[in-house]
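Since this is a predicted model, take the numbers as computed values, not measurements. Order of the sequence lines fixes the chain letters, A, B, ..., with proteins taken first and strands second; residue numbering starts at 1 for each chain. What's counted below: heavy atoms across the whole structure, side chains too, no hydrogens, waters or symmetry copies.
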Amino acid sequence: MLADFRAWALDDLATSRRQAAWGRRYRIWLALKANPLAMIGMIIIGLCVILALLAPLLAPHDPAIQDLENRLARPTAEHLLGTDELGRDILSRLLYGGRITLGIVVAVVIMVAPVGLAVGTIAGYFGGWVDKTLMRITDVFLAFPRLILALAFVAALSPGVESAILAIALTAWPPYARIARAETLTVRNSEFIEAVAMTGASSWRIILRHVAPLCVPSLVVRVTLDMASIIITAASLGFLGMGAQPPSPEWGAMIATAKRFILDQWWVALSPCMAILLVSLAFNFLGDGLRDVLDPKQD
Amino acid sequence: MNQRAKSFAATLGSVLVTLFGLSVITFMIGRVMPVDPVLAAVGDNAPADVVAAARAAMGLDDPLVVQYWSYISNVLQGDLGQSVLTRNPVVSDIAHYFPATLEMATLALILATLLGVPAGIVAAVKRGSLTDQIIRVVCIAGHSVPVFVLALLGLLIFYVGLDLVPGPGRQGFIYDGMVPTVTGILLIDSLLAGDMGAFWDAAHHLALPVLILAYFSMAYITRMTRAFMLDALKGEFIISARAKGLSGWKVVMGHAFPNVAVQLITVLALTYAGLLEGAVITETVFAWPGLGQYLTTALMNGDMNPVVGTTLVIGAIYVGLNLLADILYRVFDPRVK
């Protein structure tokens, strides 16, 4: 079964579009598989997603239940990672916190990728003043340090997860627009676009059906690379008290509270630190590997 | 010459447009604030006509364009409003807090360059080797961890665990206020005052935050150095230098690296700008009395003038550094001429 697929996908003389597409995907997978760091990253991400999704089943305790007699406890068999300042089980909170982090990442990506794709393809396809205006706006957003801008946005919107998602999205779209525009410029004057235009297709149809799909691979790499920085920005906002608010078990917010006990009860801060470290490292490993595979020029 | 002047004018024009956009964004952020400035001024229980009068007096009834105009003319005259918390003009607050951030970020940039550039060169020369892999992993790790996590882990290891560095803060309390402020940069001020005790104390306090920021920003420098070097090493002049019998490292340092140095200037300017952002967060961990601390305190309290002012200033510095990189690139790269 697998061997059949392999032979079919790697056939040099693909007989259908589907076969060629799968052949390309399979080759990417093979190249990725040869990169140990990327595979480690992928496995960690997979595990984290599973852990986060199954948090209600896996968490040994309710993440919100307080036990004031047992606060800031060292790790024990009962509480594998100890308890926090209100006696809540840290392991359970970490598992539930993973849901928040992954939720933020998904929400930001869903908002940002289409916006960047739209701005970039429209700017690249139409050129002229449309291009100039859109790219100027993009440059203005790129001219800001991302976190500072996100902080200012959240401050204006009032702190919270929703504001954090919106603020991260507002600061994250410009690179996507740049990439989509660059990809659009490389295909805009190619013959197949001219051919489609000659059959009477409207500009919007060309952009949507013929240009945008070609920008997707580069955007996927960028999204994977970006996920780590989305996680970091979200955690930083939480850490600065501008993202998810306590009692939410968001990792950054957990670290902000645990920071107060770092001299004596250091293990309270250590586990959310390690969680963020592990997840953002995993996304970076995977993104790095994907970039090597899909965009060898960068190396 | 004419061509150069033209392209420089174009760059300058785009910088001006960017700065304009920056001011519009910060203006809009200041407009959608969570705390109603009118109610904050007259109190929650003020009668409706008092509120309306205060609103008109504050110019909040004017059209947005008029409000923007008064905002931008104030900014251009160096007026960023007043902080509710410190009761000082935001501009003088920023001038007071900025040197501490500048000191930390500059030292971090120097350290990151001293570590990152050689690491990048070695990685490029030994491409694909174990050394290359190790450098790569170490760098990714530094860059993919939030800087506050690095800072906390650093505190745990070097302060709580090994007791090698002093805890949070910029000065030991016995030196607090002992050195007269001249530049605001403690290392320089203590030397000017001839107080070596204060100098070493300041250096001791700087060590950990600088190390952490340097590690944080090293990744980008190393990666770009490696990429530029790989490119340069492919050049025909390298092959010809090797063919003439020059030894490996002579070719690398004498022929390939000078070509890369110019490109690195841009990278360093961008890193410096990124360091400002990293410093904002690092400061909150180390209770560092800098711009980041000022910004986050204002954020927590909904004190919008400092938030908008600091954002604008950091944004302007960011743009300025990019422009500087561009200018240096033009000056030093003979090909641009």
*Pick from A228(A), S236(A), S229(A): which one has the most heavy-atom pairs with chain B under 4.5 Å?*
S236(A)
*To the nearest 0.5 Å, how far apart are CG in L156(B) and CG in L270(A)?*
6.5 Å
*asked:* With a 4.5 angstrom heavy-atom cut-off, is it the side chain or the backbone of T296(B) that approaches chain A, or both, or neither?
replied: side chain
*What part of A152(A) lies closer than 4.5 angstrom to a heavy atom of chain B: side chain, backbone, both or neither?*
both
*Evaluate the side-chain contact (heavy atoms from CB on, under 4.5 Å) criterion for residues V140(A) and V24(B): first the C-alpha distance (whole Å), next the side-chain angles of each, then the deciding distance (0.1 Å), finally the verdict.*
CA-CA 10 Å; V140(A) 169; V24(B) 172; over 6 Å; no
_Ignoring hydrogens, what is the shortest heavy-atom contact between E277(B) and L147(A)? Give both atom names and the distance._
OE2-N, 2.5 Å
*Where is the tightest heavy-atom contact between L152(B) and K259(A), given as atom of each residue plus distance?*
CD2-CG, 3.8 Å
_I'd like to verify something: which residue of L22(B), V319(B), L19(B), V285(B) has the highest number of heavy-atom pairs under 4.5 Å with chain A?_
L22(B)
*Below 4.5 Å from any heavy atom of chain A, which atoms of F20(B) appear? Answer side chain, backbone, both or neither.*
neither
*asked:* Please classify the contact between L153(B) and chain A as side chain, backbone, both or neither, with a heavy-atom cut-off of under 4.5 Å.
replied: side chain
*chain A contact via A273(B) - side chain, backbone, both or neither, heavy atoms under 4.5 Å*: neither
*Pick one of side chain, backbone, both or neither for S14(B), based on which atoms fall under 4.5 Å of a heavy atom in chain A.*
both
*Is it the backbone or the side chain of I25(B) that comes under 4.5 Å from a heavy atom of chain A, or both, or neither?*
side chain
*Which bit of A235(A) is near chain B, if near means a heavy-atom gap under 4.5 Å: side chain, backbone, both or neither?*
both
*Taking the side chain as every heavy atom from C-beta outward, state whether L240(A) and T284(B) have any atom pair closer than 4.5 Å.*
yes
*Pick one of side chain, backbone, both or neither for V280(B), based on which atoms fall under 4.5 Å of a heavy atom in chain A.*
side chain
*Rounded distance (nearest 0.5 Å) linking atom CG of L291(B) with atom CD1 of I148(A)*: 8.0 Å
*Step-by-step side-chain contact (heavy atoms from CB on, under 4.5 Å) determination, I276(A) to F148(B)*: CA-CA 11 Å; I276(A) 293 180; F148(B) 67 89; 4.3 Å; yes
*With a 4.5 angstrom heavy-atom cut-off, could you sort out which part of L150(B) is near chain A: side chain, backbone, both or neither?*
neither
_Less than 4.5 Å to any heavy atom of chain B: does that hold for the side chain of L142(A), its backbone, both, or neither?_
backbone
*Start with the C-alpha gap between F239(A) and V149(B), add the side-chain angles, then the distance that decides, and say whether side-chain contact (heavy atoms from CB on, under 4.5 Å) holds.*
CA-CA 10 Å; F239(A) 178 71; V149(B) 170; over 6 Å; no
*asked:* Set out, in order, the CA-CA distance, both residues' side-chain angles and the distance that settles side-chain contact (heavy atoms from CB on, under 4.5 Å) for I29(B) and L149(A), then state yes or no.
replied: CA-CA 10 Å; I29(B) 289 173; L149(A) 186 59; 4.2 Å; yes
*Between L299(B) and chain A, which part of the residue has a heavy atom less than 4.5 Å away: side chain, backbone, both or neither?*
both
*asked:* Can you tell me which portion of I231(A) sits under 4.5 Å from chain B's heavy atoms? Options are side chain, backbone, both or neither.
replied: neither
